[in-house]
Participant: 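Dropping a structure here in structure tokens format, bear with me for questions.
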Amino acid sequence: MSTARSVSEEMRAASAGIWDGLHAHPFLRELADGSLPLEKFRFFLEQDNLYLVEYARCLAMGAAKSRDDTELRYFTVDLNQVLDTELPSNRALLARVTEMGAADRGGALGMAPANVAYTSYMHSLALRGGPLEIMAALLPCAWSYVEIAERLAAERTSTHEVYADWIAYFTLPAAVEAVACMRRDVDRLADEGGRGVGAREELVEIFATSSRLERGFWEMAYTLEQWPDLRSN
């Protein structure tokens, strides 16, 4: 007798094709074998730092909308992790690649179009949605990074010290468990809310849209996409 899928499993399965595209993206394939130009990784980190600040703000909005201490704990734990661990780690990696001579392509001058699109979508969900909708919009970021890093770590092809350290960060037990907790919280909230088919379909679409925007973020970093007036040559 088959067991019904949880909401998080359902969301991930519906976005399988999108996530296949994430894993196959040339930014990540080149990061895996160490051939990714440092300037692209620097651009990625600079944009990711800008993104994470807005991601943290959406977590704070989720905390403000929390209906009980369990929901509040979900958002505040993730918020603390972003502010106290992930952003400092990103900034340290950025300092390293800058010292290694990575060219400046204008990534720190302002959010690129794909970053604006992604963070604007998250903010729109944070404003009009409840805790569960906010979780569904934010989950693809953390979950996909852990899944990507675990696959890259299993390949063991990168000899680039900085890229290996980036992969290692997202395979840390704390990062893996954080995503597992996020998934459990999403599933629990969906079950407690007695979500019908229509509501579950909305969550699936929210998750898919954020997943598409994740792919757009990798493409932005790989192509060094930036507003024309902010582009560095």
Side-chain angles (χ1 to χ4, degrees), residues 1-24 51-52 54-82 86 117-151 170-218:
M1 185 174 181
S2 62
T3 303
R5 281 177 174 167
S6 67
V7 168
S8 65
E9 290 172 333
E10 189 176 334
M11 293 190 297
R12 174 64 179 85
S15 291
I18 302 170
W19 282 47
D20 287 345
L22 296 179
H23 288 289
Y51 167 90
L52 285 172
E54 300 310 314
Y55 181 95
R57 289 191 171 109
C58 289
L59 288 169
M61 293 169 72
K65 290 189 172 186
S66 296
R67 297 162 296 184
D68 56 42
D69 59 346
T70 301
E71 291 180 7
L72 183 60
R73 187 174 298 108
Y74 160 79
F75 289 108
T76 54
V77 167
D78 199 20
L79 177 59
N80 289 335
Q81 186 274 331
V82 170
E86 189 169 356
Y118 196 174
T119 55
S120 295
Y121 179 71
M122 292 193 307
H123 276 294
S124 73
L125 261 296
L127 286 169
R128 64 183 173 84
L132 185 55
E133 288 75 23
I134 298 171
M135 290 180 188
L138 301 182
L139 183 56
C141 176
W143 189 355
S144 68
Y145 272 42
V146 166
E147 185 176 300
I148 286 166
E150 287 180 327
R151 289 199 190 182
F170 289 102
T171 56
L172 289 171
V176 175
E177 179 57 24
V179 169
C181 287
M182 292 167 75
R183 290 185 57 189
R184 287 194 294 268
D185 287 335
V186 167
D187 293 337
R188 179 187 59 79
L189 275 180
D191 290 342
E192 289 178 355
R195 295 284 173 139
V197 174
R200 289 172 77 99
E201 288 177 349
E202 181 185 7
L203 295 174
V204 166
E205 184 54 35
I206 290 170
F207 185 91
T209 299
S210 284
S211 298
R212 295 181 188 108
L213 290 163
E214 274 292 325
R215 191 184 188 287
F217 199 96
W218 293 118

Participant: Can you name the residues that form a salt bridge (charged side-chain N to carboxylate O under 4.0 Å, His left out) with Arg212, not counting sequence neighbours?
Facilitator: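 In terms of salt bridge (charged side-chain N to carboxylate O under 4.0 Å, His left out), with neighbours along the sequence ignored, Arg212 is linked to Glu205.
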
Participant: With sequence neighbours left out, what residues match Asn80 under side chain to side chain donor-acceptor pair (under 3.5 Å)?
Facilitator: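 Asn80 satisfies side chain to side chain donor-acceptor pair (under 3.5 Å) with no residue once adjacent residues are dropped.
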
Participant: Compare every heavy atom of Leu138 with every heavy atom of Cys58, then report the nearest pair and how far apart it is.
Facilitator: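 That would be CB-CD2, 4.1 Å.
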
Participant: Hey, could you give me the CG/CD1 distance between Leu139 and Ile134, rounded to the nearest 0.5 Å?
Facilitator: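 One finds 13.5 Å between CG of Leu139 and CD1 of Ile134.
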
Participant: Which residues pass the side chain to side chain donor-acceptor pair (under 3.5 Å) test with Arg184, not counting sequence neighbours?
Facilitator: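 With neighbours one apart ignored, the set is Glu177.
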
Participant: Under the side-chain contact (heavy atoms from CB on, under 4.5 Å) test, which residues partner Ala63, sequence neighbours left out?
Facilitator: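 Ala63 satisfies side-chain contact (heavy atoms from CB on, under 4.5 Å) with Leu72, Phe75, Thr76 only.
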
Participant: Would you name the heavy atoms of Gly129 and Lys65 that are closest together and state the gap between them?
Facilitator: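 Looking at all heavy atoms of both residues, the closest pair is O-NZ, 2.7 Å.
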
Participant: Please tell me if the side chains of Val77 and Gln81 come closer than 4.5 Å, counting only heavy atoms from C-beta onward.
Facilitator: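 Heavy-atom side-chain distance check fails, nothing below 4.5 Å.
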
Participant: Which residues satisfy the side chain to side chain donor-acceptor pair (under 3.5 Å) test with Trp19, sequence neighbours excluded?
Facilitator: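 Only Ser211 meet the side chain to side chain donor-acceptor pair (under 3.5 Å) criterion with Trp19.
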
Participant: Arg200 and Glu10: which non-hydrogen atoms are nearest, and at how many Å?
Facilitator: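 Closest pair (atom of Arg200, atom of Glu10, distance): NH2-OE1, 2.9 Å.
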
Participant: For Ser210 and Pro140, which heavy atoms make the closest approach, and how far apart are they?
Facilitator: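 Answer, listing the atom of Ser210 first, then Pro140: CB-CG, 3.6 Å.
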
Participant: Please report the shortest heavy-atom distance between Arg67 and Pro131, naming the atom on each side.
Facilitator: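 Result for this residue pair: NE-CG, 4.4 Å.
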
Participant: Can you see which heavy atom on Val179 is nearest to which on Ala142, and at what distance?
Facilitator: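 What the structure gives for the nearest pair is CG2-O, 3.5 Å.
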
Participant: Partners of Glu9 by salt bridge (charged side-chain N to carboxylate O under 4.0 Å, His left out), sequence neighbours excluded?
Facilitator: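 Counting only residues at least two positions away or on another chain, Glu9 forms no salt bridge (charged side-chain N to carboxylate O under 4.0 Å, His left out).
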
Participant: With rounding to the nearest 0.5 angstrom, report the OG to CZ distance, Ser6 to Arg188.
Facilitator: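 Ser6 atom OG to Arg188 atom CZ measures 13.5 Å (nearest 0.5 Å).
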
Participant: Just wondering, do Met122 and Arg57 contact through their side chains at under 4.5 Å, heavy atoms?
Facilitator: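 They are not in contact (no side-chain heavy atoms under 4.5 Å apart), so the answer is no.
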
Participant: According to ring pair (Phe, Tyr, Trp, His ring centres under 6.0 Å), who are the partners of Tyr74, at least two apart in sequence or on a separate chain?
Facilitator: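 Tyr74 satisfies ring pair (Phe, Tyr, Trp, His ring centres under 6.0 Å) with no other residue.
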
Participant: Show me the pairs that pass salt bridge (charged side-chain N to carboxylate O under 4.0 Å, His left out) and involve residues 137-150, at least two apart or across chains.
Facilitator: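 Found Arg12-Glu147, Glu147-Arg151.
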
Participant: Is there a side-chain contact between Ile148 and Trp218, using heavy atoms and a 4.5 Å cut-off?
Facilitator: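 Yes. Closest side-chain heavy atoms under 4.5 Å.
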
Participant: Can you tell me how far the CE atom of Met61 sits from the CG atom of Leu125, to the nearest 0.5 Å?
Facilitator: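 One finds 10.0 Å between CE of Met61 and CG of Leu125.
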
Participant: Check side-chain contact (heavy atoms from CB on, under 4.5 Å) between Ala56 and all other residues, then give those that pass, not counting sequence neighbours.
Facilitator: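 Residues passing side-chain contact (heavy atoms from CB on, under 4.5 Å) with Ala56: Leu79, Val82, Leu83.
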
Participant: Using side chain to side chain donor-acceptor pair (under 3.5 Å) as the criterion, list what pairs up with Tyr55, not counting sequence neighbours.
Facilitator: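 Residues passing side chain to side chain donor-acceptor pair (under 3.5 Å) with Tyr55: Asp78.
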
Participant: Report the residues that fulfil side-chain contact (heavy atoms from CB on, under 4.5 Å) with Asp68, sequence neighbours left out, ordered by chain and then residue number.
Facilitator: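 side-chain contact (heavy atoms from CB on, under 4.5 Å) check on Asp68 returns Thr70, Glu71.
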
Participant: Let me confirm one number: the CD-CD1 distance from Glu202 to Ile206, rounded to the nearest 0.5 Å.
Facilitator: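 Between atom CD of Glu202 and atom CD1 of Ile206 there are 4.5 Å.
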
Participant: Quick one, Phe217 and Cys141 - any side-chain contact, counting heavy atoms below 4.5 Å?
Facilitator: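 No; the side chains remain at least 4.5 Å from each other.
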
Participant: Could you measure the distance from the CG atom of Leu52 to the OG1 atom of Thr119? Nearest 0.5 Å is fine.
Facilitator: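 Between atom CG of Leu52 and atom OG1 of Thr119 there are 11.0 Å.
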
Participant: Just verifying a value: how many Å separate Trp143 CH2 and Glu214 CD, rounded to the nearest 0.5 Å?
Facilitator: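 Taking CH2 in Trp143 and CD in Glu214, the distance rounds to 13.0 Å.
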
